[in-house]
Amino acid sequence: MQPTSSEYEATRAEKLSRIEALGLDPWGGRFDGHMPIQTILGLPTDVPDDQRPRVKAAGRIVSRRQGGKVHFLDLWDWSGQPTKRATKTEDGSHETQEFLDWSSRIQVMVGQKQVGETGWALAQELDLGDLLGIEGTFGKTKRGEPTIFAEKLTFLSKSLQPHPDKWAGMQDMEFRLRHRYLDLVYNPDILDKALKRIRILRQIRSYLEKQGYVEVETPTLHAIAGGAAARPFETHHNALDIPLFLRIALELHLKRLLVGGIEKVYEIGRVFRNEGISPKHNPEFTMMELYQAYGNYETMMELTEGLIVACVDCLGGSRVIPWADKTIDFSPPWQRRQYGELFQEHVGCDMLDPAAVKVAAQKYHIPLTADAGKGQPRVEKEHDVLVHELFEHRVEDKLVGPVFVYDYPAALCPLTKRKRGNPAIAERFELYVHGMELANAYTELNDPVTQEQTFRKQLTGLSEEDSMAKMDDDFVRALRHGMPPAGGLGVGIDRLVMLLTNSQTIRDVILFPLLRPEK
RNA sequence: GAAGGCGUAGCUCAGCUGGUAGAGCAACGGACUUUUAAUCCGUAGGUCCUGGGUUCGAGCCCCAGCGCCUUCACCA
């Protein structure tokens, strides 16, 4: 897909040489002192024409209306500002909300007499998509449109490729993904979400810093890809001649840092999972993992709630935010529900009763056996595997949330401490919002002997890649030197940004999601 | 990995029962000094995703392939 219309390219190339012939640089240069378009739009316009403020702007030409001796251009830049807008609430009344409204357009009037001979000659060569600097005065036209009345044009860069339709824009998803730089200009939503994402990350860092957490960086290349149940990407180090894996989680290194005395530690980083691609999954995504010495999963619940509410607030809107055709109410406190209690409610039996769970699995058509691989006979699934499949099938999509679901079946959580007095239950919670898992937290296992056993235990009914049973001797050795009891938290940043920006696909919040290469 | 949908001009999309390839915007030439998707006159623009097949004749029907989207599976 390399659309090179020779006609379009030829005419634009001709214009480029005509711009050069005017003595101008078609690729521009330093252009100082221009104001954000948003700022210009905020200037007063109710002044006499001879007292209009002088302004200077730079941006992309996204629309054009030409007359004989006067042209109108729309100039685009990214200069959004928080703006207040009235929104209708459900009962019909109005309330004022602050929005981040990135990207601005302003009209520019280019008159033959005002811009001089060269300026007017340049104006004849302008195309949609070109970058242009404008100096002039700011006021309103007779029709009342805020407008820069140009006095000097500075050519800043030529677009040799035609840009999308100024009216219909870009619709084709593949075209948008493969031309994200255009998508950012012509679908303002994407720029808005990208900048909100950065704002959320900044908020997480400042919130955690205030709480005394330290941000660290740990290796991306792992000899053993542990800490989660996922298939890794494989690679190879030439000098050492060893296989390596891209990390699938941050966990095991951060816990080593707990042993090393960094009591409140977190990392925000890219992890890589060699799994399928879907509206909720990209092979590389951003994870925040955090550990706090001498805490437990309840500590993490309190932290999670405060942290995410701070993220909601940093976008400047209400705590009740839209999600598809629904809303999410992030006002604390959030619901806390026990896993077993929800299981009882929606599946209709005790999750600790193996016979009852089997009956329920049959009732909801969940197979009792699993494929053990090519040529192998099918094997009976572990009790806790069945329980969780039932939970996913019957409970997950009923969790509107935000709701903390806590106390998980122990076998599913090999890096988690068991509940005191109840070895079948692990001290873990997941935060659900509209059936989506937003955060995952544990009271971390710091007993090296139990850790080694759970590493070695392969859950029947799960394939090896799907299991967390990957022995990591170096990690166990670290635990043997004494890791403080701790609470740990993981947050999928992409999912969080999706929820806070009303994005139903992860590709709206990742600027360059993985695509199959063209041809 | 499975099923379904889509792929036509630079962009957004029509295209009837199989019978000469269409529109809007964009582009090119011309008119116009206050336009708002400017207007008016004129011109040009196509590997109908690719490759086979059926047919007198295929954008349309059949087969295979490629890419994207949706749902499902794995996963966060």
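Each chain gets a letter, A, B and so on, in the order its sequence line appears, and its residues count up from 1.
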Rounded [atom1] spacing from [N] to [M] in Å:
N: B:rG18; M: B:rC63; atom1: P; answer: 16 Å
N: B:rU17; M: B:rC11; atom1: P; answer: 29 Å
N: B:rU50; M: B:rU39; atom1: P; answer: 34 Å
N: B:rG5; M: B:rA9; atom1: C1'; answer: 24 Å
N: B:rC13; M: B:rA26; atom1: C1'; answer: 14 Å
N: B:rG59; M: B:rU47; atom1: C1'; answer: 13 Å
N: B:rC48; M: B:rG10; atom1: P; answer: 12 Å
N: B:rG45; M: B:rG51; atom1: C1'; answer: 27 Å

Task: Residue met sooner reading RNA chain B from 5', once A:Met170 and A:Leu128 are mapped to nucleotides - done: A:Met170
- [ ] Starting from the 5' end of RNA chain B, give me the residue, A:Ala439 or A:Lys140, whose nearest nucleotide shows up first.
- [x] A:Lys140
Rounded to the nearest Å, what distance is computed from the [atom1] atom of residue [X] to the [atom2] atom of nucleotide [N]?
X: A:Phe233; N: B:rC74; atom1: CZ; atom2: P; result: 19 Å
X: A:Glu275; N: B:rC72; atom1: CD; atom2: P; result: 17 Å
X: A:Phe175; N: B:rG67; atom1: CZ; atom2: C1'; result: 15 Å
X: A:Ile277; N: B:rU71; atom1: CD1; atom2: P; result: 15 Å
X: A:Trp120; N: B:rC32; atom1: CH2; atom2: P; result: 11 Å

TODO: Spell out yes or no: do the side chain of A:Asp165 and the base of B:rG24 have one donor N/O and one acceptor N/O closer than 3.5 Å?
DONE: yes
- [ ] Only one of A:Arg64, A:Lys166, A:Arg65 passes side chain to side chain donor-acceptor pair (under 3.5 Å) with A:Asp74; say which it is.
- [x] A:Arg65
Open item on the list: Heavy-atom count check: over 12 atoms from other residues, nucleotides or ligands less than 6.0 Å from A:Lys56 NZ?
Closed with: yes
Open item on the list: Tell me whether A:Trp76 at atom CH2 has more than 12 heavy atoms from other residues, nucleotides or ligands lying less than 6.0 Å away.
Closed with: yes
[N] pairs with which nucleotide, Watson-Crick or G-U wobble, both distances below 3.5 Å?
N: B:rG4; answer: B:rC69
N: B:rU36; answer: none
N: B:rA58; answer: none
N: B:rU17; answer: none
N: B:rG24; answer: B:rC11

Using a heavy-atom cut-off of under 4.0 Å over every strand shown, decide if [X] touches base, sugar-phosphate, or nothing.
X: A:Gly490; result: nothing
X: A:Arg64; result: sugar-phosphate
X: A:Lys142; result: base
X: A:Met173; result: sugar-phosphate
X: A:Gly111; result: nothing
X: A:Gly68; result: base
X: A:Asn274; result: nothing
X: A:Leu438; result: nothing
X: A:Glu437; result: sugar-phosphate

Could you work out which one of [options] sits closest to the side chain of [X]?
X: A:Thr11; options: B:rU36, B:rC74, B:rC28; value: B:rC28
X: A:Pro162; options: B:rA38, B:rG10, B:rU34; value: B:rG10
X: A:Trp167; options: B:rC74, B:rA37, B:rC11; value: B:rA37
X: A:Glu174; options: B:rC25, B:rG67, B:rU33; value: B:rG67
X: A:Ser278; options: B:rU33, B:rU36, B:rA73; value: B:rA73
X: A:Arg516; options: B:rC66, B:rC25, B:rU34; value: B:rC66
X: A:Gln107; options: B:rA73, B:rU36, B:rG67; value: B:rU36
X: A:Phe285; options: B:rA76, B:rA26, B:rU70; value: B:rA76
X: A:Asp172; options: B:rU36, B:rC68, B:rU12; value: B:rU12
X: A:Ser63; options: B:rG67, B:rU36, B:rA38; value: B:rA38

Going by the angle between their ring planes, with limits at 30° and 60°, are [X] and [Y] parallel, tilted or perpendicular?
X: A:Tyr181; Y: A:His179; answer: perpendicular
X: A:Tyr339; Y: A:His388; answer: parallel
X: A:Trp120; Y: A:His71; answer: tilted
X: A:Tyr297; Y: A:Tyr406; answer: perpendicular

Give a yes/no answer on whether the side chain of [X] brings an N or O atom under 4.0 Å of OP1 or OP2 in [N].
X: A:Lys166; N: B:rA38; value: yes
X: A:Arg495; N: B:rA76; value: no
X: A:Arg273; N: B:rA76; value: yes

Open item on the list: Restricting to salt bridge (charged side-chain N to carboxylate O under 4.0 Å, His left out), what partner residues turn up for A:Arg60, sequence neighbours left out?
Closed with: none
Open item on the list: Does any part of the side chain of A:Val309, heavy atoms only, come nearer than 4.5 Å to the side chain of A:Trp334, both counted from C-beta?
Closed with: yes
- [ ] Find out whether A:Phe343 and A:Val387 are in side-chain contact, i.e. whether some heavy atom of one side chain is under 4.5 Å from a heavy atom of the other.
- [x] yes
- [ ] Begin from the C-alpha positions of A:Ile148 and A:Thr137 and carry the test side-chain contact (heavy atoms from CB on, under 4.5 Å) through to its verdict.
- [x] CA-CA 6 Å; A:Ile148 299 175; A:Thr137 59; over 6 Å; no
Open item on the list: Pairing donors with acceptors under 3.5 angstrom, does anything connect the side chains of A:Glu215 and A:Tyr213?
Closed with: no
Distances for protein N or O near nucleotides 3-5 of chain B N or O, under 3.5 Å:
none

Open item on the list: Looking at B:rA27 and A:Tyr8: do their rings stack (centroid distance under 5.5 Å, interplanar angle under 30°)?
Closed with: no
Open item on the list: Looking at A:Asn502 and A:Ala324, would you say the former's side chain and the latter's main chain have a donor-acceptor pair under 3.5 Å?
Closed with: yes
- [ ] Please check if the side chain of A:Asp130 supplies one atom and the backbone of A:Asp127 the other of a donor-acceptor pair under 3.5 Å.
- [x] yes
Would you list the protein and nucleotides 41-44 of chain B atom pairs, both N or O, that sit under 3.5 Å from each other?
none

